[in-house]
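Since the structure comes first, as structure tokens, the remarks are kept for the end.
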Number of protein chains: 2
Amino acid sequence: MQMTERVAPAVEDAPEAPWHPVTRSRSHELVLDQIEEQILAGTLRVGDRLPGERDLAGHLQVSRSAVREAIRGLEAQGVVRSGVGSGKDAGTIVSAMPSEALTRLLRLHVALSNFPLPDVVDARVMLERSSAALAADHAGEDDLDAMRAALDGMDSAGIGAERFNDLDTAFHVAIAEASGNRLVADMTIALRDSMRRPILHALEALGPDWEGVADQLRKDHRAIFAAIESGDGALAADRVDQHIRSAHAVLPFATHG
Amino acid sequence: MQMTERVAPAVEDAPEAPWHPVTRSRSHELVLDQIEEQILAGTLRVGDRLPGERDLAGHLQVSRSAVREAIRGLEAQGVVRSGVGSGKDAGTIVSAMPSEALTRLLRLHVALSNFPLPDVVDARVMLERSSAALAADHAGEDDLDAMRAALDGMDSAGIGAERFNDLDTAFHVAIAEASGNRLVADMTIALRDSMRRPILHALEALGPDWEGVADQLRKDHRAIFAAIESGDGALAADRVDQHIRSAHAVLPFATHG
DNA sequence: GACCATCCTGTGGTCTGACCACACATGTGG
DNA sequence: CCACATGTGTGGTCAGACCACAGGATGGTC
């Protein structure tokens, strides 16, 4: 069967954003819609296995390619995972990898400058303030250890900018993980990770001066850690706020153009 | 050419999250990686056109299917848009639709309960507090009109739960849009939208009592709007906070299982 | 010269049918 | 009872074909 139809959409105009699509006809999108609908309706849950690609294609009356392309879309959103072979990990299974998907998505859009840098900074401040405040209340010994490891690593003599930046990221991630709020943590991580590369480039652009900046960052981190360790959420939030804003003020970000 | 190799990953253990992938071998993922790399490196910018699928397949020495599946992945992340024909909109073009992609992603993961509901509520409160506070400062007449339209719509006699819920969403979206921060707005919208369906079901589950709840929501909304209109950011934030928390306390959410 | 119908070309969208690598289940020989 | 071959079903990959579409190039007509 060979088809390429056009469907007439029945759109109910919301007060915002009138118009909407018109192109909702590509068969792989229709397949995607059906699967998503089952997820939204609760028919498909985490751990459930989708029918085989060939079966699905047969039931939906589309080619296997269309089904596969739809699955790729879901995969990119961290909603399913596919495995070959048979048994346990085989087949296409609904699963939960929101963190990775969110990170990939934000990283790309930040790189494309779809979000102005000041907006990103403000968002980071907002998120990491919350993360730090929550972490001050919820952080367990494991969480604190992870932070200490990152801090100690950053103190290593002769550490390079790249390694330093990775550990810096790890420190912020550790705080987010300690917040106890999965969603806030994932958004925090995704945003910080999306800044990883830009920050590295900025550090490298500093040349020999980067050590001075690094020293300030080390001091900031230690101060933040102290506030979290002592359970002072408000103080931790303020220090994270100040840390992020001052860092972005000092770092020379390329305008990418 | 028929290939299915396994590559040995050279992973640098970060302090957090050891291990990592192992499966990075599927050809469409390799294609995806290459395109993403070009985006992250700044080689591909918004508006740029990718080579034709056939060309790309040739240069990368993979089948056209592999290329297409990679593109589907990018499409799901709102990073590219494909159009047939020739000229202007034809071809696969790097573009920016972060809002839609973010919304789809969060909606799915919220539906899958990958994020605990209390976490979602806290995140919403955090985001919408910021949005409301910013909106109080930045809202223009257009923004205020959009809010008024939603509010007036919700006052319509005999309005159904579904229409009410849509307008409720529109009100919150209008506030987010007025914040002036694209990223915060998109995250706010995505989260509120992901709650749209659950909230609707909760409203319907209330039966005839839903009118009483709706009345309270109307009062909340008017109070929030007044604070924003008068430019009192702190007050707006507090009222949004209270509004969201009380609403979630009253609404009977299905535990979905 | 202005105009319009026609063909050509290149794009993504779809379909078909085939083979590969893999992991498990089952059977079979020792 | 174990060790090995075989069968079966999964996703992964590929090649080649055709479709619908939109614009450009062509060539005719008035």
Side-chain angles (χ1 to χ4, degrees), chain A residues 1-8 21-35 47-76 79-95, chain B residues 1-8 21-35 47-76 79-95:
Chain A
M1 175 199 339
Q2 207 96 319
M3 70 161 148
T4 306
E5 327 161 0
R6 294 287 168 261
V7 293
V22 153
T23 320
R24 201 49 102 178
S25 71
R26 304 184 296 181
S27 77
H28 68 261
E29 283 189 356
L30 300 177
V31 176
L32 192 55
D33 287 347
Q34 286 209 31
I35 300 177
D48 290 352
R49 166 181 280 102
L50 267 61
E53 295 178 353
R54 297 168 178 83
D55 281 1
L56 207 44
H59 287 106
L60 299 180
Q61 292 277 286
V62 296
S63 71
R64 196 181 156 203
S65 326
V67 171
R68 283 181 61 76
E69 291 186 18
I71 290 176
R72 289 292 87 78
L74 293 171
E75 205 171 59
V79 167
V80 303
R81 158 178 48 93
S82 293
V84 294
S86 72
K88 198 164 101 32
D89 280 334
T92 300
I93 302 172
V94 178
S95 59
Chain B
M1 175 197 346
Q2 208 95 319
M3 69 163 149
T4 305
E5 327 161 359
R6 293 286 169 264
V7 294
V22 152
T23 320
R24 203 47 106 179
S25 70
R26 304 184 295 181
S27 76
H28 67 263
E29 283 190 355
L30 299 176
V31 176
L32 192 54
D33 286 345
Q34 285 209 32
I35 299 177
D48 290 353
R49 167 180 280 102
L50 266 60
E53 296 178 353
R54 297 167 178 84
D55 279 1
L56 207 43
H59 286 103
L60 299 180
Q61 293 277 287
V62 297
S63 71
R64 197 182 156 201
S65 324
V67 171
R68 284 182 60 77
E69 292 185 17
I71 290 176
R72 289 291 89 78
L74 292 171
E75 206 171 58
V79 166
V80 302
R81 158 178 49 92
S82 293
V84 295
S86 73
K88 196 163 117 0
D89 281 334
T92 300
I93 302 173
V94 178
S95 60

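All values derive from a computational prediction rather than experimental measurement. Only heavy atoms go into these numbers, but all of them, side chains included; no hydrogens, no water, no symmetry mates. To find a chain, count down the sequence lines: A is the first, B the second, and so on, and within it residues start at 1.
Atoms CD (Glu53(A)) and P (dA18(C)) sit 18 Å apart, rounded to a whole Å. At whole-Å resolution of the value, CG in Leu60(B) and C1' in dT13(D) are 15 Å apart. Rounded to a whole Å, the CG atom of Leu32(B) is 12 Å from the P atom of dT13(D). Nucleotide dC22(C) holds its C1' atom 12 Å from the CG atom of Asp89(A), rounded to whole Å. Atom P of nucleotide dC15(C) and atom CZ of Arg68(B) are separated by 11 Å, given to the nearest angstrom. Here dC14(D) presents its P atom at 14 Å from CD of Glu69(A), a figure rounded to the nearest Å. Going from atom CD1 of Ile71(A) over to atom P of dG12(D) covers 8 Å, rounded to whole Å. Atom-to-atom, CD of Glu75(A) to P of dG11(D) comes out at 12 Å; the value is rounded to the nearest Å.
Contact annotation: Ser25(A) side-chain N/O to dG13(C) OP1/OP2 distance is not under 4.0 Å. Arg26(A) has no side-chain polar atom (N or O) that falls below the 4.0 Å cut-off from OP1 or OP2 of dT14(C). Proximity of Ser27(A) to the phosphate of dT14(C): a side-chain N or O atom is located under 4.0 Å from OP1 or OP2. Of the side-chain N and O atoms in His28(A), none sit less than 4.0 angstrom from OP1 or OP2 of dG13(C). Not one side-chain nitrogen or oxygen of Ser86(A) sits closer than 4.0 Å to the OP1 or OP2 atom of dA25(C).
Within the model, atoms OG of Ser82(B) and CZ of Arg49(B) stand 10.5 Å from one another, a figure rounded to the nearest 0.5 Å. Here the straight-line distance linking atom CZ of Arg54(B) with atom OG of Ser63(B) works out to 12.5 Å at 0.5 Å rounding. Rounding to the nearest 0.5 Å gives a distance of 7.5 Å between CG of Leu74(B) and CG of Leu50(B). Atom-to-atom distance recorded for Leu32(B):CG and Ser27(B):OG is 11.0 Å, nearest 0.5 angstrom.
For Gly87(A) and Ala66(A), each mapped to the nucleotide of DNA chain C holding its nearest heavy atom, the one lying further toward the 5' end belongs to Ala66(A).
Below the 3.5 angstrom threshold, one finds no donor paired with an acceptor across the side chain of Arg81(B) and the base of dG12(C). Scanning atom types as modelled, one donor and one acceptor separated by under 3.5 angstrom connect the side chain of Arg64(A) and the base of dG12(D). Evaluation of atom-type donor-acceptor distances gives no pair under 3.5 Å for the side chain of Arg54(A) against the base of dG17(C).
Looking at heavy-atom distances under 4.0 Å, Ser82(B) makes contact with sugar-phosphate atoms alone, never a base. Within 4.0 Å (heavy atoms only), Arg72(B) reaches sugar-phosphate atoms of the nucleic acid but no base atom. Within the nucleic acid shown, Arg49(B) has no heavy atom closer than 4.0 Å to any nucleic acid atom.
The shortest side-chain heavy-atom distance between Arg81(A) and Asp89(A) falls under the 4.5 Å cut-off. With contacts defined as side-chain heavy-atom distances shorter than 4.5 Å, the pair Glu69(A)/Glu75(B) does not qualify.
Counting only heavy atoms from C-beta on, Val84(A) has its side chain closest to dG12(D) among dT16(C), dG12(D), dT11(C). Closest to the side chain of Ser63(A), out of dC15(C), dA15(D), dC21(D), is dC15(C).
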